[in-house]
Amino acid sequence: QVQLVESGGGLVQAGGSLRLSCVASGRTFNYYDLGWFRQAPGKERERVAAISWSGGRISYADSVKGRFTISSDSAKNTVYLQMDSLKPEDTAVYYCAASDPSSDWPEYWGQGTQVTVSS
């Protein structure tokens with residue numbers, strides 16, 4: 001079992017920045033790849049960014065490339081999502097998730113944190 005706890009959401013004006021944090025725990029949490037997903041009202045949940053604990057594999061959705069940065073701190077068991085140049089369309093609930101490296105879809109999810117970008 002892997003537990004994920006997010007923090008760092010909030011309200012920001014367009015063009016601003018936020019940093020989300022996700023603390024992972026559990027017996028084998030460092031086996032899993034960590035990622036950030038988001039879900040806006042009326043839309044499907046989408047993958048935003050993903051990272052392996054070694055940092056060797058990083059990927060981003062096209063919609064956030066050049067604006068968002070995912071990173072990890074293994075000493076703190078924490079994964080971050082630095083979000084810059086935020087746009088109103090980035091408004092969503094953001095979820096931290098843990099995936100088996102051989103799987104496309106996560107097994108474990110955090111509770112989610114709301115990000116609202118005002119225009």
Side-chain heavy atoms of [X] within contact of [Y], under 4.5 Å:
X: Ile58; Y: Ile70; value: yes
X: Val79; Y: Ile51; value: yes
X: Gln114; Y: Thr91; value: yes
X: Trp109; Y: Leu4; value: no
X: Tyr108; Y: Gln1; value: yes
X: Arg45; Y: Tyr95; value: yes
X: Leu20; Y: Met83; value: yes
X: Arg47; Y: Trp36; value: no

*Taking all non-hydrogen atoms of both residues into account, name the closest pair between Pro88 and Ala14 and its distance.*
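Minimum heavy-atom separation between Pro88 and Ala14: CD-CB, 4.1 Å.
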
*Considering non-hydrogen atoms only, spot the tightest contact between Asp100 and Ser102 and give its length.*
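Taking Asp100 first and Ser102 second, the nearest heavy atoms are OD1-OG, 2.7 Å.
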
*Between Phe37 and Trp105, does a ring pair (Phe, Tyr, Trp, His ring centres under 6.0 Å) hold up when you go through it step by step?*
CA-CA 11 Å; Phe37 287 68; Trp105 199 248; 5.2 Å; yes

*Given the rule in the side-chain contact (heavy atoms from CB on, under 4.5 Å) test, do Glu46 and Gln39 qualify, once you have shown the distances and angles that lead to the verdict?*
CA-CA 6 Å; Glu46 63 171 347; Gln39 188 166 21; over 6 Å; no

*Regarding Arg19 and the six-membered ring of Tyr80, is the cationic atom NZ or CZ under 6.0 Å from the ring centre and inside 45° of its axis?*
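Satisfied, under 6.0 Å and within 45°.
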
_Joint cluster assignment, Tyr31 & Leu34, ILVMFWY side-chain distance < 4.5 Å_ =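 Yes; Leu34 is reachable from Tyr31 via cluster members.
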
*Common cluster, Tyr94/Val23, ILVMFWY with side-chain heavy-atom separation under 4.5 Å*: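 They do not share one cluster, since no chain of ILVMFWY contacts under 4.5 Å joins Tyr94 to Val23.
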
Is [X] reaching over with its side chain to a backbone N or O of [Y], donor-acceptor style, under 3.5 angstrom?
X: Thr78; Y: Lys76; result: yes
X: Gln111; Y: Glu6; result: yes
X: Arg67; Y: Ser85; result: yes
X: Thr113; Y: Gly9; result: yes

_Less than 3.5 Å apart, any donor N or O on the side chain of Asp84 or Ser17 sitting next to an acceptor on the other?_
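There is such a pair (donor and acceptor under 3.5 Å, judged by atom type) between the side chains of Asp84 and Ser17.
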
_Would Asp90 and Lys87 count as a salt bridge (charged side-chain N to carboxylate O under 4.0 Å, His left out) here? Give the steps._
CA-CA 5 Å; Asp90 294 318; Lys87 305 175 181 179; over 6 Å; no

